[in-house]
Protein chains: 2
Amino acid sequence: MQEAEKYSRYSFLLDKTARRVKQYAKQRFRELGWTITIDQWAVLKQLYDKGELNQRELASNTFKDHPTMTRIIDLLKTKELIERKPHPGDRRSFMIALTTGGKTMVEECLPEVQKIRMKAWDNLSEKDFQEFKRILESIHQNLS
Amino acid sequence: MQEAEKYSRYSFLLDKTARRVKQYAKQRFRELGWTITIDQWAVLKQLYDKGELNQRELASNTFKDHPTMTRIIDLLKTKELIERKPHPGDRRSFMIALTTGGKTMVEECLPEVQKIRMKAWDNLSEKDFQEFKRILESIHQNLS
DNA sequence: TTAATTTTGTTGCTATACTAATAATTAATA
DNA sequence: TATTAATTATTAGTATAGCAACAAAATTAA
């Protein structure tokens, strides 16, 4: 393999694998009859773990841009899993909070989500995890 | 960190990094004034390396689904970088071929694309590449 | 050879991703 | 204070990404 081409191939493999992981999760969500997507799940989980956040914080934590977050929030609101509450000190902003239904949903889905996530890591060791994490963070760093 | 949560975090990191790599390439393409996307590039490069292919083969090689490939091909055709030629032995199928303009474009862009791709891998060693490749392939395998 | 099945590609629908432009509000500064 | 700049969120437009349903053609089976 040509040296210069190698990097393209690794980039492609990264993209391909990330897509597969996402697709697998999507497929499992469907099979479980869940009405949310993986990206919507990530927002619900954030709110479950950290409490009320505004859209900027949610976008920042999930590394999504603001328009994308607006739309995810809209969809979750339609499903009555979250609510937009006025921000006490800033009229531009909303505090996003889980509804009771949203909280219940997170608690019910969490174990299954963890199973879905673990599936990807079969036959990989703790050391692999550490290496993988280090390399991904290095790549992300290089492009920031 | 809880053990079960760890896997979700690695999945997130994988997704986040893959998005960053794609976003970086997209941004550089724009800065260079190129009118194609990264995914369109991948198709052009395939055709450049392997000659004429049908849409099924292109989709399979890039791990994209058929509808997505149809749309990418449509856009590349509009830009007159590729052409759909009738398949000699199968009237359902097209042979997709680079136009002269498409071939020129690949040759002009290739060095810069390689630079863009290499940027991600600064400060990573040959051993890192091998580990990374092994782990990604293992993950992909686990979900197939 | 007819009928059933598979393959190839398209269209429609929903959701993310990114850019640009905009509105409303808040913060900074002259 | 008045003006300017920055922040928060939205809307619009384009491009993947995936699923389902479909049409046309080719292949297989009866």
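If you're wondering where the values come from, they're calculated on a predicted model, not measured in any experiment. Lettering of chains follows the sequences in order, A, B, ..., and the numbering in each one begins at 1.
- Close to C:dG12, at under 4.0 Å from its OP1 or OP2, lies no side-chain N or O of B:R71.
- Atom CD of B:Q27 and atom C1' of C:dA17 are 14 Å apart (whole Å).
- Between A:F94 atom CZ and C:dA24 atom P there is a gap of 13 Å when expressed in whole angstrom units.
- A heavy-atom distance below 4.5 Å is found between the side chains of B:L58 and B:I73.
- Rounded to a whole Å, the NZ atom of B:K64 is 14 Å from the P atom of D:dA15.
- Taking the six-membered ring for Trp and thresholds of 30 and 60 degrees, A:Y7 and B:F129 have ring planes more than 60 degrees apart, a perpendicular arrangement.
- Between A:R84 and A:R30, the residue anchored nearer the 5' end of DNA chain D, judged by the nucleotide with its closest heavy atom, is A:R84.
- What separates NE2 of B:H66 from C1' of D:dA23 is a distance of 16 Å, to the nearest Å.
- The base of C:dT25 is paired with the side chain of A:R92 by a donor and an acceptor separated by under 3.5 Å.
- Here B:T68 does not reach the OP1 or OP2 of D:dT16: none of its side-chain N or O atoms lies under 4.0 Å away.
- We find that CG of B:D15 is positioned 12 Å from P of C:dT16, with the value rounded to whole Å.
- Between A:T37 and C:dT16 there is a side-chain N or O to OP1 or OP2 distance below 4.0 Å.
- D:dA24 atom C1' lies 15 Å from atom NE2 of B:H87, rounded to whole Å.
- For B:D90, counting side-chain heavy atoms from C-beta on, the closest listed nucleotide (C:dT11, D:dA25, D:dT16) is D:dA25.
- Listed candidates were D:dA9, D:dA20, D:dA15. Nearest to the side chain of A:N54 is D:dA9.
- Atom CD1 in A:I38 sits roughly 13 Å away from atom C1' in C:dT14 (whole-Å rounding).
- The shortest distance between side-chain heavy atoms of A:Q55 and A:R84 falls below 4.5 Å.
- OP1 or OP2 of C:dA17 sits under 4.0 Å from a side-chain N or O of B:R19.
- Using a 4.0 Å heavy-atom criterion, one finds that B:D39 contacts the sugar-phosphate atoms exclusively.
- If you check the side chains of B:Q141 and B:E137, you find no donor sitting under 3.5 Å from an acceptor.
- In summary, the side chains of B:R20 and B:Q23 do present a donor paired with an acceptor at a separation below 3.5 Å, with no hydrogens or angles considered.
- Taking side-chain N and O atoms only, B:Q55 has no distance below 4.0 Å to OP1 or OP2 of C:dT7.
- One can place NZ of A:K22 at 11 Å from C1' of D:dT16, the figure rounded to the nearest angstrom.
- Put simply, A:R56 has no side-chain N or O that comes within less than 4.0 Å of OP1 or OP2 on D:dA6.
- OP1 or OP2 of C:dT10 sits under 4.0 Å from a side-chain N or O of B:T70.
- B:I36 is listed as a side-chain neighbour of B:F29, based on a closest heavy-atom distance under 4.5 Å.
- In the set D:dT10, D:dT8, D:dA15, D:dA15 carries the atom at the smallest distance from any side-chain atom of B:Q40.
- Residue B:K26 has no polar side-chain atom (N or O) positioned under 4.0 Å from OP1 or OP2 of D:dT14.
- Evaluation of atom-type donor-acceptor distances gives no pair under 3.5 Å for the side chain of A:R20 against the base of D:dA17.
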